[in-house]
**Student:** 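Structure provided below as structure tokens; questions to follow.
All chains are named by letter (A, B, ...) in the order of the sequence lines, taking the proteins before the strands, and each is independently numbered beginning at 1.
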There are 2 protein chains.
Amino acid sequence: MPQTNPVSQEISLSVIKTACSNCNLRELCLPFGLSDEELSRLDDLVSSRRRIKRGDHLYRAGETFDAIYAIRSGFFKTDVLLEDGRDQVTGFQMAGELLGLDGISTEHHTCNAIALEDSEICAIPFSRLEGLSREIHTLQHHFHKVMSREIVRDHGVMMLLGTMRAEERLAAFLLNLSQRFTARGFSHAEFYLRMTREEIGSYLGLKLETVSRAFSRFQEEGHIAVQQKHIRILNVSGLKALLTHRS
Amino acid sequence: MPQTNPVSQEISLSVIKTACSNCNLRELCLPFGLSDEELSRLDDLVSSRRRIKRGDHLYRAGETFDAIYAIRSGFFKTDVLLEDGRDQVTGFQMAGELLGLDGISTEHHTCNAIALEDSEICAIPFSRLEGLSREIHTLQHHFHKVMSREIVRDHGVMMLLGTMRAEERLAAFLLNLSQRFTARGFSHAEFYLRMTREEIGSYLGLKLETVSRAFSRFQEEGHIAVQQKHIRILNVSGLKALLTHRS
DNA sequence: TTTTACGGTTGACATGGATCAAGCCAACGC
DNA sequence: GCGTTGGCTTGATCCATGTCAACCGTAAAA
């Protein structure tokens, strides 16, 4: 939408300008390790900031890929749909994380990205990112690390899906969320789930009833307190023990 | 080992020299899309070729990462080990595919790569690859595509582990192998498995007995002929139907 | 305030795949 | 040729999780 009011024009420009350099997620996100001068070059590139309302798609499987997205605030899920109607949640993403890396491969997105709460993202045109990372070694290397980290994360999920039983999967899931919230300055012990039991189940390869029962069991055993989407972790080591003790 | 004989010196030099430009896998591997001049610069970088004997490790989890590896010939598996002894095969790799991308993230390998038959690999020092891909746009972009493809592949495995039943998993596995053998000029309908039932099971999140039973069932139903590791696919569409028909 | 709807919980029962166990087959060393 | 070994197959049984169904709680709509 064109801006006719010079004041709001100025505001929107300044918002764009402050993109990465003022972002308190820069140590988690793409700008990690860049000098001020390099950072401002990245700022030029992170062209647009966009709000995505809860329930809306950031992109859909099949759309042509031309940008990756950094989450500035909010919470997303990605899911893959099979021809026969089966689908699976492949990940939950929070502020500071990147979305859309899967699209580089075929130049089309291969999954759907859906906001689980009102969110804000920064679009990073991919060819310009490649251009800049040809000039800024640090940026190039960090981007490679981020992609590699995604591969390692996926291996972790494969491990979870391939070898763990229901309660182990849920414990791993909660600990992972807790750790990621901590890294963002939130409480490690208390948080709201942004997704439904069904979405958790889909991600963990379980039915929603199984997820619900596991939550109840954890509560009975004093590991956590659950009230709908509100989770309090009461006994971290109890949860961790569930993971390592082959039962 | 130092070469004192000038003749064998010359041979080993010429072997190195022909690395990528003469490799018949170059359209599947990193050199994809490069001009002759660019190709020869990549050749300079692919420093060493190494033989790995069946059963030997190419690298181990925890070792420091400094190179990725292209498989020139042979067959590998990668697996991840958990503290409590559980392990899982995260992939099977064949000629033309890259190994070690997971190590970029932490500068340490996060899985083991083990040869399932006598194999030959090309080591590609990673920092030099980054250097060259800062200069050769095509190489940079192709490398990004390869990493992204790995992420997409992992999502496929997550889908398989999360939503498919045993026979669907095995059908998907066989069709995937068949397709990859075809891309390498081998028969799509007849091949030898390089891995044991247990390794297949680990990859597919199943026990070896379940894998064995599924093979027997496919044979009874005329989809395939199995004799130990020798597989003949008799009815591709039958296998495909197993995948799409929600039963 | 009541109604509705959606997500969550819980119970009873079914089942696919794990587990345990025995035996088979093919390759290899002696 | 014979025994050993590792990998594979097959059968019997068990159990974790799926399935089906009823009900509950909370929040938004009426």
**Student:** Nearest whole angstrom, please: distance from the C1' of dT10(D) to the CD of Gln219(B).
**Tutor:** 14 Å
**Student:** Minimum heavy-atom separation for Leu174(A) to Ile233(A), with atom names?
**Tutor:** O-CD1, 4.3 Å
**Student:** Would you state whether a donor and an acceptor, one from the side chain of Gln227(B) and one from the base of dC8(D), lie under 3.5 Å apart?
**Tutor:** no
**Student:** Whole Å only: how far is the CG atom of Leu160(B) from the P atom of dG17(C)?
**Tutor:** 12 Å
**Student:** Mind checking whether Phe65(A) and His108(A) have ring centres under 6.0 Å apart?
**Tutor:** no
**Student:** Looking at dT9(D), dT17(D), dT10(C), which one has an atom nearest to any side-chain atom of Leu206(A)?
**Tutor:** dT17(D)
**Student:** How would you label the contact of Gly205(A) with the nucleic acid (heavy atoms, under 4.0 Å): base, sugar-phosphate, or nothing?
**Tutor:** sugar-phosphate
**Student:** Any carboxylate oxygen within less than 4.0 angstrom of a Lys/Arg side-chain nitrogen, looking at Arg86(A) and Glu168(B)?
**Tutor:** yes
**Student:** Can you tell me the distance, in whole Å, between the CG atom of Leu161(A) and the C1' atom of dT17(D)?
**Tutor:** 14 Å
**Student:** Can you check the Arg194(A) CZ to dG8(C) P distance for me, whole Å?
**Tutor:** 14 Å
**Student:** Looking only at heavy atoms, what is the nearest atom pair of Arg49(A) and Cys122(A), with distance?
**Tutor:** CD-SG, 3.8 Å
**Student:** Please tell me if Lys207(B) has a side-chain N or O lying less than 4.0 Å from either OP1 or OP2 of dT19(C).
**Tutor:** yes
**Student:** In whole angstroms, how far is the C1' atom of dG8(C) from the CE atom of Met195(A)?
**Tutor:** 15 Å
**Student:** Counting just side-chain N and O atoms, does Ser216(A) come under 4.0 Å of either OP1 or OP2 of dT10(C)?
**Tutor:** yes
**Student:** Could you say whether Phe215(B) or Gln228(A) is positioned toward the 5' end of DNA chain D, judged by the nucleotide with the nearest heavy atom to each?
**Tutor:** Phe215(B)
**Student:** Figure out the CG/P separation between Leu208(B) and dT9(D), and round it to whole Å.
**Tutor:** 9 Å
**Student:** Can you see if the side chain of Thr210(A) gets near the phosphate of dG18(D) - specifically, an N or O under 4.0 Å from OP1 or OP2?
**Tutor:** yes
**Student:** Find the distance Met164(B):CE to dG17(C):P and express it as a whole number of Å.
**Tutor:** 13 Å
**Student:** Could you tell me whether the side chain of Arg213(B) has a donor or acceptor atom within less than 3.5 Å of a complementary atom in the base of dG16(C)?
**Tutor:** no
**Student:** Whether Arg165(A) contacts dT17(D) is assessed here as follows: a side-chain N or O lying under 4.0 Å from the phosphate OP1 or OP2. Is that the case?
**Tutor:** no
**Student:** Specify the separation, in whole Å, of atom CD of Glu209(B) and atom P of dC24(C).
**Tutor:** 17 Å
**Student:** Please report the shortest heavy-atom distance between Glu199(A) and Val89(A), naming the atom on each side.
**Tutor:** O-CG2, 3.9 Å
**Student:** Has the side chain of Glu198(A) got a donor or acceptor atom sitting under 3.5 Å from an opposite partner on the base of dC6(C)?
**Tutor:** no
**Student:** What nucleotide, of dT9(D), dG7(D), dT9(C), holds the atom closest to the side chain of Thr196(B)?
**Tutor:** dG7(D)
